[in-house]
Amino acid sequence: MSQINVTEIFASHVFNDAVMKERLSKEVYASVKRAMQGGAALSVKDAKVVAEAMKNWAIEKGATHFTHWFQPMTGITAEKHDGFIDLGENGTAITKFSEKSLVRGESDASSFPTGGLRATFEARGYTVWDPTSYAFVKDGSLYIPTAFCSYGGEALDKKTPLLRSMESLNKEAMRILKLFGDTTTKRVLPTVGAEQEYFLIDKSVYEKRRDLIYCGRTLFGAPASKGQELDDHYCGAIKPRIAAFMKELDEELWKLGVYAKTKHNEVAPSQHELAPIFTTANVACDHNQLTMEIMKVVANRHGLVCLLHEKPFASVSGSGKHDNWSLSTDLGENLLEPGNSSATTARFLLFLVAIISAVDNNQDLLRLSVASNSNDHRLGASEAPPAIISVYLGENLEGILSGIENGTISEYYNKKDPSEIKLGISLLPSFANDSADRNRTSPIAFTGNKFEFRMVGSSENIACPNFILNTIVAEELSKIADQLEGVKDFNSKLNSVLQEKIRKHKRILFSGNNYSGAWQKEAARRGLLNLKTTAVALPKFTDAKNIALFKKHKVLTTNEIKSRLEVLLDNYVKHVKIEARTAIDMARKQIVPSLLGYQTFVIEAFMAKSRAGVPGKYKLEEDLIKKLSKLSDLFHDKLEKLAKDLSEMEKHTAIKLKADYCESVIIPSLNSLRACYDEIEPLLSEEFKPFPNYDDILYSVK
Ligand code: ADP
Ligand code: MG
């Protein structure tokens with residue numbers, strides 16, 4: 001095997017800090033850095049220099065085009081490429097890339113979902129350079145990460161609220177750090193590491209399944225003879241074909257500056273995971289979008305298909321994207337690390353309690369941040385967290401919080417002697433080592449020095465869950481700062497603030513088994529929300545409390561929230577509709593002919609025997625034909641019902657009613673048709689099966 005020099009190929013296609021340092025003057029480099037840290041925007045003069053340097057570098061890397069790269073509400077990325085080519089003198093060509101092209105682009109917003117934000121007379125949308133995420137070269141183009149907004153400056157993408165929420169979180173967290181006498185930290189940033197789960201199957205089986213092609217999941221299919229019961233896939237030996245895919249994927253991602261680090265087989269057959277090293281939230285978001293895209297591209301080169309759907313197969317584990325989230329200072333200090341002084345311990349407890357309160361106060365927002373038709377199939381499906389939000393801290397930490405609540409622990413922070421820990425326990429600094437035996441069923445688990453939000457779906461853009469996490473935590477920090485700023489006895493006020501918050505929000509703490517039925521009951525007793533489906537969760541977005549929250553932190557305006565809800569509901573309805581249409585099509589064109597063919601085959605066998613006067617009771621033939629015939633009738637009724645249900649959907653005009661109709665009528669109808677087919681499938685012969693079954697698909701990669 002030829003040698004791969006990781007350090008050499010890493011970020012070789014990225015216009016990053018090192019490249020800028022090398023290619024820009026000290027002054028221009030300094031102003032780019034200022035812009036990256038949220039300071040003043042680049043001057044036109046400096047932007048000109050940056051654009052020229054970027055162009056020259058990109059051309060050396062083989063680029064002929066540039067594109068603004070953005071994340072519209074479709075959830076996938078969008079790009080429109082322009083050549084560097086321009087007219088030269090006497091019929092020659094030159095290359096050109098102006099500062100205007102770098103900083104701002106124009107795009108026809110009318111073809112992207114805007115939820116009514118775009119007035120019909122103003123179809124233009126603008127892409128605006130996000131200097132905090134590096135530009136890169138891919139497939140012969142220079143990619144410039146951008147935010148996407150309307151003519152009036154309203155956010156039309158996933159990225160803008162994320163960037164805005166980071167500003168608010170920084171502002172409020174800095175207020176807290178000041179309370180602890182911190183004068184060196186200049187900025188606080190959320191850090192994110194998104195572990196990406198995915199399935200890989202052979203292209204040949206994929207191409208025979210219209211449901212996989214159109215919906216990303218199987219709409220029909222009985223369980224395979226062998227599922228995941230032997231636990232033999234998780235972290236098992238990686239097959240050579242998969243290993244080759246993973247190797248190439250790593251290399252492609254490294255070139256683009258993505259710190260791909262861990263790879264392994266996951267629980268279900270054909271399921272795998274990739275985890276990167278964490279980075280700043282908005283960069284992590286861009287990198288995760290790139291990871292998903294490159295996974296698909298590389299899979300294709302290997303004759304494979306990468307499925308990112310949350311639940312491609314009904315009887316085995318689905319795929320999530322564990323969103324590991326923490327807070328870091330610009331000096332690299334993790335604020336969710338208890339540290340080893342009384343000051344850092346007290347600060348840690350404050351942040352911890354703020355996050356717990358934020359989660360309890362905003363269960364609805366966290367739930368809706370991961371709501372989609374595809375994730376509804378996964379959440380609560382016994383291998384994924386339920387739709388009920390709770391926080392896992394582990395026994396030690398829960399014990400410490402109760403100690404604070406009931407007054408047995410009250411001295412956190414001795415300002416006179418900051419090295420002294422007055423907790424009466426010496427446990428705090430060692431949580432990171434505790435994370436091995438953590439609870440894997442929890443939706444939000446504290447894992448030593450970060451929170452792991454496990455409800456996020458594998459196909460989801462992580463911008464939404466992260467802008468919501470950032471905003472709700474910013475709000476709690478803001479409330480705590482209001483209470484603590486200017487008080488005389490800081491320690492005792494901190495103590496009473498923590499006590500009050502723990503008392504009020506401890507109901508959200510749960511370290512038991514989230515998959516159990518007992519938890520559903522207990523959670524209801526505690527008054528926790530259980531927003532089971534997308535159709536129920538999404539409309540909470542426009543609750544007065546939530547509108548006020550996003551407005552206060554300048555993350556979303558009322559109009560932006562309303563339009564976003566419209567887009568999300570519309571997206572949900574469209575996905576359900578596509579599934580219903582695909583199921584009907586597969587039923588009529590593939591399942592029905594198979595069923596008829598096999599029944600004819602069995603009847604002919606019966607008749608042939610009878611004509612030949614073969615002795616016997618023909619039990620096998622009779623039994624089979626009876627079963628098939630009964631199931632055929634049932635299948636027919638269910639198919640006609642789904643077709644009728646789908647046609648009646650149009651009588652609802654409001655999108656919210658359509659979503660409710662999908663949830664209460666279409667989805668149950670789809671499920672019932674599927675259940676009927678799943679009883680039929682095991683009876684069909686190999687020759688008459690309408691499409692590859694779970695055995696064929698889940699074990700398609702040899
Ligand atoms: P697992 O949860 O599978 O045991 P790890 O503990 O190795 O995996 O971490 C999972 C992810 O958490 C990785 O992507 C890692 O980079 C990320 N992570 C670690 N520390 C932080 C942090 N401070 N902030 C955000 N993400 C983090
Ligand atoms: Mg994990």
Side-chain angles (χ1 to χ4, degrees), residues 10 162 165-166 169-170 173 185 187-198 233-236 238 246 249-250 253-254 257-268 271-292 295 317 319-339 344 347-348 351-352 355 383-385 391-394 429-456 458 460 462-463 465-470 473 514:
F10 187 79
L162 178 61
S165 71
M166 287 168 69
L169 184 56
N170 169 51
T185 300
R187 222 173 145 68
V188 173
L189 293 156
T191 51
V192 169
E195 301 165 57
Q196 178 71 50
E197 291 180 336
Y198 60 98
H233 199 255
Y234 184 69
C235 288
I238 300 171
M246 287 176 166
L249 175 64
D250 278 340
L253 291 174
W254 290 336
V258 179
Y259 286 95
K261 182 161 173 75
T262 312
K263 49 188 180 184
H264 61 83
N265 284 351
E266 256 303 327
V267 174
Q271 195 186 27
H272 315 278
E273 181 182 303
L274 177 144
I277 299 174
F278 68 95
T279 176
T280 313
N282 66 319
V283 174
C285 175
D286 287 0
H287 283 181
N288 183 251
Q289 291 297 116
L290 273 177
T291 301
M292 292 193 286
M295 275 178 168
S317 283
S319 298
K321 180 142 56 192
H322 295 171
D323 189 81
N324 295 273
W325 182 96
S326 190
L327 287 170
S328 168
T329 68
D330 55 337
L331 304 169
E333 199 180 353
N334 183 346
L335 296 172
L336 296 187
E337 191 93 64
T344 55
R347 192 184 66 188
F348 162 74
F351 278 104
L352 184 75
I355 294 167
E383 82 287 347
V391 175
Y392 168 86
L393 294 183
S430 66
F431 287 127
N433 307 331
D434 252 19
S435 49
D437 59 334
R438 62 181 180 245
N439 185 323
R440 290 185 177 272
T441 68
S442 175
I444 305 179
F446 181 68
T447 55
N449 56 9
K450 62 187 190 292
F451 277 89
E452 187 171 347
F453 187 23
R454 298 206 181 96
M455 294 171 89
V456 182
S458 49
E460 192 179 350
I462 59 171
N466 285 300
F467 91 66
I468 285 183
L469 271 169
N470 296 345
V473 173
N514 283 260

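Start at 1 and go down the list; that is how both ligands and their atoms are numbered. These values consider heavy atoms only, across backbone and side chains, with no hydrogens, waters or symmetry-generated copies.
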Query - Per-atom contacts, ligand 1 versus Asn334 - under 4.0 Å to a heavy atom - result: 23 (N)
Report summary line: With sequence neighbours left out, the residues meeting ring-ring contact (aromatic ring centres under 6.0 Å, His included) with Phe10 are Tyr259
Query raised in the report: Which atoms of ligand 1 have any heavy atom of Thr191 under 4.0 Å away?
Result: 22 (C), 23 (N), 24 (N), 25 (C)
Query raised in the report: Just by modelled atom types, is the Ser328 backbone N or O under 3.5 Å from a matching donor or acceptor in the Asn334 side chain?
Result: no
Report task. Spell out, as yes or no, whether a donor-acceptor pair under 3.5 Å connects the side chain of Asn288 to the backbone of Ala284. Result -> no
Query raised in the report: Judging by distance only, is a nitrogen or oxygen of Ile277 under 3.5 angstrom from one on ligand 1?
Result: no
Report summary line: At under 4.0 Å between heavy atoms, what of Glu452 touches ligand 1? The answer is side chain
**Report entry** Location of contacts on Lys261 toward ligand 1, heavy atoms closer than 4.0 Å
**Finding:** neither
Report summary line: Quick look: Asn324 vs ligand 1, heavy-atom contacts under 4.0 Å, and the answer is both
Requested in this report: Give yes if a backbone or side-chain nitrogen or oxygen of Trp325 is under 3.5 Å from a nitrogen or oxygen of ligand 1, and no if not.
Outcome: no
Requested in this report: Could you pull out the closest heavy-atom pair between Ser458 and Met292, with the gap in Å?
Outcome: O-SD, 3.6 Å
**Report entry** side chain to side chain contact (heavy atoms under 4.5 Å, CB included) involving Glu266 - partner list, sequence neighbours excluded
**Finding:** Glu197, Tyr234, His264, Gln271, Glu273
Query raised in the report: So between His322, Glu195, Arg454, His264, whose heavy atom ends up nearest atom 10 (C) of ligand 1?
Result: Glu195
Query raised in the report: Would you say Thr185's side chain and Arg187's backbone share a donor-acceptor pair under 3.5 angstrom?
Result: no
Report summary line: Tightest non-hydrogen contact, residues Leu336 and Phe348, listed as O-CE1, 3.4 Å
Query raised in the report: Got an N/O contact under 3.5 Å between Phe278 and ligand 1?
Result: yes
